[in-house]
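What follows is one structure encoded as structure tokens, with my remarks underneath.
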Amino acid sequence: MAEEFGRSVEDGLKLSRRIYLGKDRAVTPPKPPSHMDKSPAAFLPTAPMVYAVISDPGIVDNPDIPSYQPHVYGRCDPPALIPLQMNRIELEADSYLDTAFVKISGSWRVHCVMGSKSCDCRLAVPMGEQGSILGVEIEASRKLYYTEMIAIEDKKYLEKEARFENGAFLKPHTFTITIPKVDGGSTLSIKVSWMQKLLYHNGEFSLIVPFSFPDYVTPHVKKLPRKEKIQLNVNSGTGTEIVCKTTSHLLKELRREVGKLGFLYESEVLTWTNIDFTFSYAVSFSHIFGGVLLQTPSVHDVDQRDMFCVYLFPGAHHSRKVFRKEIVFVVDISGSMEGEPLEGTKNAISAALTNLDSLDSFNIIAFNGETYLFSSSMELASEDTVERAVEWMSMNFIAGGDTNILVPLKQATEMLSKSRGSIPFIFLVTDGAVEDERQICDIMKSHLTGGGLICPRICTFGIGSYCNHHFLRMLAMISRGHYDAAYYIDSVESRMQKLLSRISSTIIANITIKAFDDLDEVEVYPSRIPDLSSDNPLIVSGRCQGNFPDTVVAIGIFGDLSNFSLDLKVQKAKDIPLHSVSAKQQIDLLTAQAWFSENKQLEEKVAKLSIQTGVISEYTSMSLLETDRGNQVAESPGLHKVCANLLLLQPCWCTCLPQVSHLNS
């Protein structure tokens with residue numbers, strides 16, 4: 001879909017040359033990207049964009065100055081996408097702990113369609129790290145549109161009248177939706193919001209928002225200044241001093257409190273910004289530190305238990321020893337892994353092997369319907385052994401056959417059963433699904449609950465949209481491991497390297513919060529707390545009943561196997577929407593549990609949480625409701641009543657890639 005989208009934009013830019021710009025020589029036609037790379041990827045959106053969807057090229061013209069060009073016969077199939085001119089853009093970002101909530105508002109003009117004609121328009125919103133769309137509001141051609149989350153069961157009676165439109169996610173974090181029948185020459189006013197994760201590296205948090213606009217969205221008028229605006233609010237949640245590091249735009253500090261910052265950027269520009277908005281900061285701690293945030297739910301919350309969030313940050317300087325590692329790479333080499341997926345996997349594992357310490361040990365199991373072992377036992381990561389392993393992968397990573405995951409997992413578990421003085425890892429890579437996935441989880445759970453001081457961690461990496469990501473997330477959760485995925489093959493190597501780096505830098509294992517045992521009731525996400533690495537903060541959330549003490553104790557094991565203990569101060573969370581910050585993590589983990597247990601009550605719980613927070617889940621659908629401007633819309637918490645057309649996002653299932661359908665009510 002992304003490739004087709006890019007080609008349609010390229011066709012749209014060619015078609016836009018028909019637009020008559022008048023006799024003013026200061027006005028120039030849009031220029032295509034100057035990249036040497038003319039692949040469709042060069043035309044994908046790098047900031048929020050709106051496109052005119054053109055099936056009939058004969059309607060393309062300047063709505064203000066008709067050109068009276070000869071009529072164009074034929075149709076565009078698939079439709080061409082002409083990027084609309086942008087007249088205004090504002091960005092507002094609110095950052096809490098490791099999560100940012102981003103709001104974009106702007107206006108775009110349908111400058112490329114005759115005033116007497118209309119066309120559909122396509123909104124495309126690329127979001128940052130692990131972005132999840134929250135809502136859209138649109139004013140267009142005397143119509144108002146807004147999104148609302150509904151439970152899937154609530155929409156079944158409408159599905160008979162549904163027809164699918166060209167709209168979906170281009171990529172996992174690039175959201176698109178179609179706005180029907182917008183008049184030529186009219187203006188679209190759009191507000192869109194999403195949540196995304198902050199990146200963490202060397203003790204610094206970084207926010208990166210796609211905000212790079214191509215030259216061809218600048219209006220084709222005389223060079224008049226236009227205003228860009230960026231507003232940023234940071235609340236670290238730690239109640240400690242924040243140290244600003246880098247920023248892409250010239251931010252003016254508006255306010256500074258302990259743990260909080262406010263900034264504003266406003267500028268008169270001739271062309272829109274062509275760089276992403278980035279901002280990084282550090283919390284002034286050089287050592288491991290943490291805390292607990294506690295919050296009472298609102299009266300409208302479906303769950304009236306108290307909310308809590310426990311955070312542990314590794315600090316900027318890592319004097320603590322990382323664990324000695326024993327790692328078994330379990331790699332799917334079935335037929336579907338052929339080409340770039342398997343090549344990217346081999347490259348990422350090769351890089352990880354070269355970064356192992358000489359006292360670390362490893363093995364590699366390749367599997368399809370059969371299993372192929374690099375060695376019959378664990379091997380020390382000497383330079384010679386690593387070279388042999390890389391050569392073995394080149395010889396044996398040949399795609400073909402079926403997928404059998406249970407047998408190699410059992411083999412890997414047996415290899416690590418005698419681990420002592422180290423942290424054992426199973427690193428599973430697959431792009432497929434098998435029938436016995438729940439059985440595999442049960443078997444692994446029984447294998448991993450016993451054993452030595454530190455049980456094996458299963459870290460899972462899914463490739464593409466056809467593997468069961470709930471299964472992979474569940475495997476990781478029951479073993480204190482980590483999960484990640486690459487939905488597109490061009491990101492396999494980079495995302496896998498990031499996950500491998502995280503598990504290679506583990507500094508505290510077997511983390512437990514002692515106060516949980518003293519509460520009347522507690523629900524923690526994830527239920528088994530993962531390890532803390534020097535590359536990532538650790539944040540767990542949950543609900544509880546009972547009295548939290550003023551201080552709780554986090555315990556665990558350091559890399560040298562000495563005991564870790566840290567007092568965590570409990571604070572009331574002020575000005576932090578804990579429910580929203582933790583929503584996506586809780587929805588993802590609860591969905592995996594609902595899949596594993598086939599529990600309808602858990603599915604309903606996920607749906608209620610999704611509707612309340614606006615985060616898309618497998619059991620909900622996002623709807624775009626339409627009403628005439630001026631109609632009154634009755635509102636109550638979580639409910640908007642309006643009689644109009646409805647655009648529905650189909651359930652995302654394992655891929656989190658919903659499609660768009662259009663219904664007439």
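Residue indices begin at 1 and follow the sequence shown. Note that these values count all heavy atoms, side chains included, but never hydrogens, waters or copies made by symmetry.
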Legend entry - M378 CE to F362 CZ distance, which is reported to the nearest 0.5 Å: 8.5 Å

Inset, instruction - Keeping the roles fixed (side chain from T460, backbone from A476), state whether a donor-acceptor pair exists under 3.5 Å. - result: no

Inset, instruction - Output every pair passing ring pair (Phe, Tyr, Trp, His ring centres under 6.0 Å) with a member in residues 504-527, not counting sequence neighbours, ordered by first then second residue. - result: F308-F516

Inset, instruction - Look only at the side chain of H469 and the backbone of G464, and say whether a donor-acceptor pair between them is shorter than 3.5 Å. - result: yes

Legend entry - Heavy-atom donor-acceptor pair, Q411 side chain to L373 backbone, under 3.5 Å: no

Inset, instruction - Please indicate whether K608 has more than 12 foreign heavy atoms, meaning atoms of other residues, nucleotides or ligands, lying under 6.0 Å from its NZ. - result: no

Legend entry - T512 side chain vs K514 backbone, donor-acceptor pair below 3.5 Å: no

Inset, instruction - Check whether any side-chain N or O of N363 sits under 3.5 Å from a backbone N or O of S375 as a donor-acceptor pair, and report yes or no. - result: yes

Inset, instruction - Establish, yes or no, whether the cationic atom of R473 lies under 6.0 Å from the six-membered ring centre of W595 and within 45° of the ring axis. - result: no

Inset, instruction - Could you check if a side-chain atom of L590 sits within less than 4.5 angstrom of a side-chain atom of E523, using non-hydrogen atoms only? - result: yes

Inset, instruction - Output yes when a side-chain donor or acceptor of S562 lies under 3.5 Å from a complementary backbone atom of F558, and no otherwise. - result: no

Legend entry - Heavy-atom side-chain contact between V234 and Y281 under 4.5 Å: yes

Legend entry - Full working for side-chain contact (heavy atoms from CB on, under 4.5 Å) between C309 and V540: CA-CA 6 Å; C309 174; V540 298; over 6 Å; no

Inset, instruction - Test side-chain hydrogen bond (donor to acceptor under 3.5 Å, both in side chains) on S382 and T385 and set out the steps. - result: CA-CA 5 Å; S382 65; T385 307; 2.7 Å; yes

Inset, instruction - Check whether more than 12 heavy atoms from other residues, nucleotides or ligands sit under 6.0 Å from atom CD of E521, and answer yes or no. - result: yes

Inset, instruction - Report yes or no: does N468 contribute a side-chain atom to a donor-acceptor pair with the main-chain N or O of F471 at less than 3.5 Å? - result: yes

Inset, instruction - State, with a plain yes or no, whether a side-chain heavy atom of V581 is found less than 4.5 Å away from one of F101. - result: yes

Inset, instruction - Look only at the side chain of T345 and the backbone of P341, and say whether a donor-acceptor pair between them is shorter than 3.5 Å. - result: yes

Inset, instruction - Return yes when atom CD of Q304 has more than 12 non-hydrogen atoms of other residues, nucleotides or ligands closer than 6.0 Å, and no otherwise. - result: yes

Inset, instruction - Please say whether more than 12 non-hydrogen atoms of neighbouring residues, nucleotides or ligands are located less than 6.0 Å from NZ in K260. - result: yes

Inset, instruction - Look at the rings of Y200 and F313 and say which category their plane angle falls in: under 30° parallel, 30 to 60° tilted, over 60° perpendicular. - result: tilted

Legend entry - Short side-chain to backbone donor-acceptor contact, T354 and A351, under 3.5 Å: yes

Inset, instruction - Decide yes or no on side-chain contact (heavy atoms from CB on, under 4.5 Å) for D98 and F205, but give the supporting numbers first. - result: CA-CA 8 Å; D98 68 339; F205 286 96; 4.2 Å; yes

Legend entry - Any donor-acceptor pair under 3.5 Å from E437 side chain to V434 backbone: yes

